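A short write-up of the structure that comes next.
Being a predicted model, the structure only gives us computed values, none of them experimental.
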Amino acid sequence: MGQDTLFITTAIDYTNSAPHIGHAYEKLLADVITRYQRSAGKKAYFLTGVDQHGQKVQQSAELEGIPAQEFADRNTAKFVEMWKLLGLEYNGWAATTHPQHKAVVQVILQKLFDQDQIYKATHTGYYSVRQEQFLTDKERNEEGEFGSEWGEVEERKEENYYFKLSEHVPWLKAFVADHPDFVYPAFRGKELVNALDKADAIDLCITRPKSRLEWGIEIPFDTGFVTFVWFDALINYISFAGYLKDQVQVATEGLPDFAELWPANAHIIGKDIMIPAHAVYWPIMLHAMGFADEEMPKLLVHGFWNDKGGAKLSKSLGNVIDPAERIERFGADGLRYYLMSAMATGKDADFNDSRIEEAYAHDLAGNLGNLLNRSLNMSKRYRASLLKKDADYDDDLNRELRDSFNKLPAAVAAHMENYQVHFALEEIWKSLTLCNQFVEHSAPWKLAKDEAEANRLDTVLYHLAEAMAQAAFHIAPVMPETSRRILEQLNFEFPADLKATDIKWGILPDGHTLGEGTPLFPRLEPLP
RNA sequence: GUCAGAGUAGCUCAGUGGUAGAGCAGAGGACUCAUAAGCCUUUGGUCGGGAGUUCAAAUCUCCCCUCUGGCACCA
């Protein structure tokens, strides 16, 4: 099992539309967790991607008169471009039209079919010709009718293949009861327990006849059908992790070693796709495939970004947030900082443009950027940028600053291990505020005027530079580019094998020469 | 309808039985190394509404209101 390497995945996004802020948040959370774990000395593998199959893609492509693959590719490119803008560094890219993925899906389906886990049955129900789908009671309006949005609704019979989901529900109930950490945060786990108790377990329809849907993976035991959604999209978590790589060798280049990665430490998903897809179908699928209880993945369920005032962001309300626009104004790191600091992992948050302006101006430009700038400038002005590490002076102000930074690695680690990125950032920013207070209380500009205070001035300047270096290390998972630029201005590089949890005061060597300071986060012109 | 979550200062949120908190915004002040930044002080709240339990409730119980998500053939 994957004890050495942490395996972090995200949901794969549906390529029917362009990425929005919710997509960006989820991928960013995965990126930040992965980067942090690496900085703590662990190996980590970050998988994300796109779900390219499905009826909506087929329909949208038909509307435009282009092949489905071309339509999916075009939207896929939008996601790839956005993730580049946001500065994501993922190790694996799960695009469901990948030949290896398709082959693995088919092998899994054949195996389950041979084991009598999949059977054929006829479903009779109400069918919307316009939407090309069967309707359930949920689609009925308040009068109990199917509204005009469904067009002509007729009764129809259709043959399909079904997966024996219901057979495994008792196992899942027991598994969930025995593994309270299956879902994070805990209240989502309660939701799952209640859902399992209440719902009637029925089997899962896993195909569509080709007459209705062609844009999918053909099932191996009946060429008249394609698999749809579940045994396609969910399988990405293992097919792109190298599952069955030794037996299925269609296109295995670049795939990781499954035994090293699995089980996933965190499937990062939104609260909307937890039940039933990720918390019911997926563990049962794995169980049916022969995965043991200790080989089950863990779910990390995040909330939604809402509008100011809590209304949801949606196309129809015209209040969608385009990540690219915010990146253009605040930089990738500006948006990354806001998204990570303004949401408590697992809960909903309101996306607020005046808050992101304030966060940029106060937290980034003021507290952090200005602090670096004033620190470098004073060293340059008073000591020609030359640091003296062991000057013969110490006092409570110095000690307080050192204590704050010496305690930071453990504090950050505790929060990051619980995925509470916003608390980790808060801890780091408390130390930055302390640095600014330290400058005021030490008043280097006064020390510089008094030759008797020379040693003290050296220690103050060293403390500031050292603090900035350590801060650069700690913010790197959330703001990698800013971290790099701070170190560049400090004219310093950390040893590649330095672990976040091993950081101790005194990393900058005696006699180190600092670089030139330039604003990290320039003041922004007010919006019109 | 039902399950879960949320409702606390202008804003964003901590706070699960013991005198209501933080950051930001607002107000006042001192300083000058710095991006008019940063520092110090400070105004501000019937804790969604109602009832109950308790010596004591933001916190526990019940009812109600508003918002978010799920409810098993959307992904």
Side-chain angles (χ1 to χ4, degrees), chain A residues 11-14 16 51 53-56 123 125 131 133-136 138-139 158 160 162 165-166 169 185 187-208 228-230 233-234 270-277 279-281 301 303-304 306 308-312 341-344 346-350 352 354-355 357-359 361-367 369-382 422-423 426 429-430 433 435-448 460-461 464 517-524:
Chain A
I12 53 174
D13 300 315
Y14 200 55
N16 190 42
D51 179 8
H53 289 128
Q55 193 167 37
K56 285 176 193 163
H123 173 74
Q131 294 296 323
Q133 63 172 276
F134 279 92
L135 303 177
T136 66
K138 254 198 302 179
E139 271 81 43
E158 188 171 280
N160 268 306
Y162 289 77
L165 185 80
S166 56
V169 168
F187 71 83
R188 297 274 173 215
K190 277 199 290 181
E191 202 174 315
L192 174 59
V193 169
N194 287 321
L196 287 171
D197 278 345
K198 299 205 134 223
D200 299 319
I202 61 170
D203 287 340
L204 184 64
C205 182
I206 59 164
T207 60
R208 288 288 181 265
F228 100 110
V229 188
W230 319 118
L234 291 168
K271 62 180 181 178
D272 57 331
I273 56 173
M274 182 181 94
I275 297 171
V280 181
Y281 299 163
V301 184
F304 282 3
N306 294 318
K308 276 185 296 187
K312 63 178 166 185
S341 64
M343 180 176 262
K347 296 187 178 182
D348 288 355
D350 293 352
N352 185 327
S354 55
R355 285 290 305 149
E357 292 281 344
E358 285 165 11
H362 184 266
D363 297 356
L364 301 184
N367 209 338
N370 182 59
L371 174 63
L372 175 69
N373 206 239
R374 67 198 304 206
S375 302
L376 289 172
N377 192 64
M378 287 188 287
S379 274
K380 181 182 177 186
R381 186 186 279 230
Y382 305 136
H422 64 298
F423 283 144
E426 200 174 293
W429 254 259
K430 272 187 208 163
T433 295
C435 287
N436 274 312
Q437 292 167 336
F438 173 78
V439 175
E440 303 294 332
H441 296 154
S442 304
W445 48 92
K446 285 181 187 162
L447 304 179
V460 167
L461 296 174
L464 286 172
T518 52
L520 290 173
F521 299 95
R523 260 174 77 82
L524 297 175

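- To the nearest 0.5 Å, atom CZ of residue R381(A) and atom CZ of residue R374(A) are 12.5 Å apart.
- Taking atom P on both C24(B) and G69(B), the two are 32 Å apart, rounded to the nearest angstrom.
- Annotation: salt bridge (charged side-chain N to carboxylate O under 4.0 Å, His left out) contacts of D51(A) (sequence neighbours excluded): none.
- Between K271(A) and the phosphate of U68(B), there is no side-chain N or O to OP1/OP2 separation shorter than 4.0 Å.
- Contact annotation: the side chain of M274(A) approaches that of E191(A) to within less than 4.5 Å [non-hydrogen atoms, C-beta and beyond].
- In plain terms, the two heavy atoms of L464(A) and C435(A) that are nearest each other are CD2-O, 4.1 Å.
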Output one line per pair: protein atom, nucleotide atom from nucleotides 73-75 of chain B, and distance, for all N/O pairs under 3.5 Å.
residue	atom	partner	partner atom	Å
C73(B)	OP2	Y281(A)	OH	3.4
C73(B)	N4	H123(A)	ND1	3.0
C73(B)	N4	Y162(A)	OH	2.4
C74(B)	O2'	K56(A)	NZ	3.3
A75(B)	O3'	D51(A)	OD2	2.5

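- When rounded to the nearest whole Å, the span between CZ of R523(A) and P of G38(B) equals 10 Å.
- Between the P atom of C11(B) and the CD atom of E357(A) lies a distance of 19 Å, rounded to the nearest Å.
- We find that CZ of F438(A) is positioned 14 Å from P of C40(B), with the value rounded to whole Å.
- With sequence neighbours excluded, the residues that form a side-chain contact (heavy atoms from CB on, under 4.5 Å) with D363(A) are Y337(A), A359(A), W429(A).
- Within the nucleic acid shown, L196(A) comes within 4.0 Å of at least one base atom, counting heavy atoms only.
- Spacing between atom CG of N306(A) and atom C1' of U66(B) amounts to 14 Å, rounded to whole angstrom units.
- Distance noted for atom P between A58(B) and G7(B): 15 Å (whole Å).
- The distance from atom CG of N367(A) to atom C1' of G38(B) is 8 Å, rounded to the nearest whole Å.
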Item to check | Under 4.0 Å protein heavy-atom contact, by nucleotide of nucleotides 2-8 of chain B - B base, S sugar-phosphate only | outcome: SSSS---
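- Contact between Y14(A) and H53(A) at its shortest, heavy atoms only, is CE1-O, 2.9 Å.
- Rounded to the nearest 0.5 angstrom, L372(A) CG and T518(A) OG1 are separated by 8.0 Å.
- Put simply, OG on S442(A) and CE on M378(A) are 9.0 Å apart, with the number rounded to the nearest 0.5 Å.
- Residue-level contact check: G369(A) touches the bases, meaning some heavy atom is under 4.0 Å from a base atom.
- Rounded to an integer number of Å, the gap from Q437(A) CD to G23(B) C1' is 13 Å.
- In this structure, the side-chain contact (heavy atoms from CB on, under 4.5 Å) partners of K271(A), at least two apart in sequence or on a different chain, are R188(A), V301(A), F304(A), D348(A).
- Expressed to the nearest 0.5 Å, how far CG of N370(A) lies from CG of L364(A) amounts to 12.5 Å.
- By the ring pair (Phe, Tyr, Trp, His ring centres under 6.0 Å) test, Y382(A) pairs with no residue at all, sequence neighbours left out.
- Of the C1' atoms belonging to C11(B) and G50(B), the separation is 28 Å, rounded to the nearest Å.
- Residues passing the side-chain contact (heavy atoms from CB on, under 4.5 Å) test with A443(A) are W445(A), K446(A), sequence neighbours excluded.
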Checklist entry - Does the side chain to side chain contact (heavy atoms under 4.5 Å, CB included) test come out yes or no for S166(A) and I202(A), once each step is laid out? => result CA-CA 5 Å; S166(A) 56; I202(A) 61 170; 5.8 Å; no
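- Taking T433(A) as the reference, N367(A), Q437(A) meet the side-chain contact (heavy atoms from CB on, under 4.5 Å) condition, with sequence neighbours excluded.
- Taking atom P in both C40(B) and C55(B), the straight-line distance is 44 Å, to the nearest Å.
- Within the model, atoms CZ of F228(A) and SG of C205(A) stand 5.5 Å from one another, a figure rounded to the nearest 0.5 Å.
- Separating the C1' atom of A57(B) from that of U46(B) is a span of 14 Å, rounded to the nearest Å.
- Nucleotides C39(B) and A30(B) are separated by 9 Å at their C1' atoms, to the nearest Å.
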Item to check | Canonical and wobble pairing (Watson-Crick, G-U, under 3.5 Å) of RNA chain B, dot-bracket with | | outcome: ((((((((.[[[[.)..(..]]]].((((.........)))).....[[[[[..)....]]]]])))))))....
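- As rounded to the nearest Å, C47(B) and U19(B) have C1' atoms that lie 15 Å from one another.
- By the ring pair (Phe, Tyr, Trp, His ring centres under 6.0 Å) test, H441(A) is found to be paired with no residue, residues two or more places apart in sequence or in another chain being considered.
- The separation of U54(B) from G5(B), taken at their C1' atoms, amounts to 28 Å, rounded to a whole angstrom.
- Here L447(A) contributes atom CG and L461(A) contributes atom CG; the two are 8.5 Å apart, rounded to the nearest 0.5 Å.
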Next on the checklist: Can you build the contact string for nucleotides 24-34 of chain B? Use B for base contact, S for sugar-phosphate-only contact, and - for no protein heavy atom under 4.0 Å.
Outcome noted: S-------SBB
Protein-nucleotides 43-45 of chain B N/O pairs closer than 3.5 Å?
none

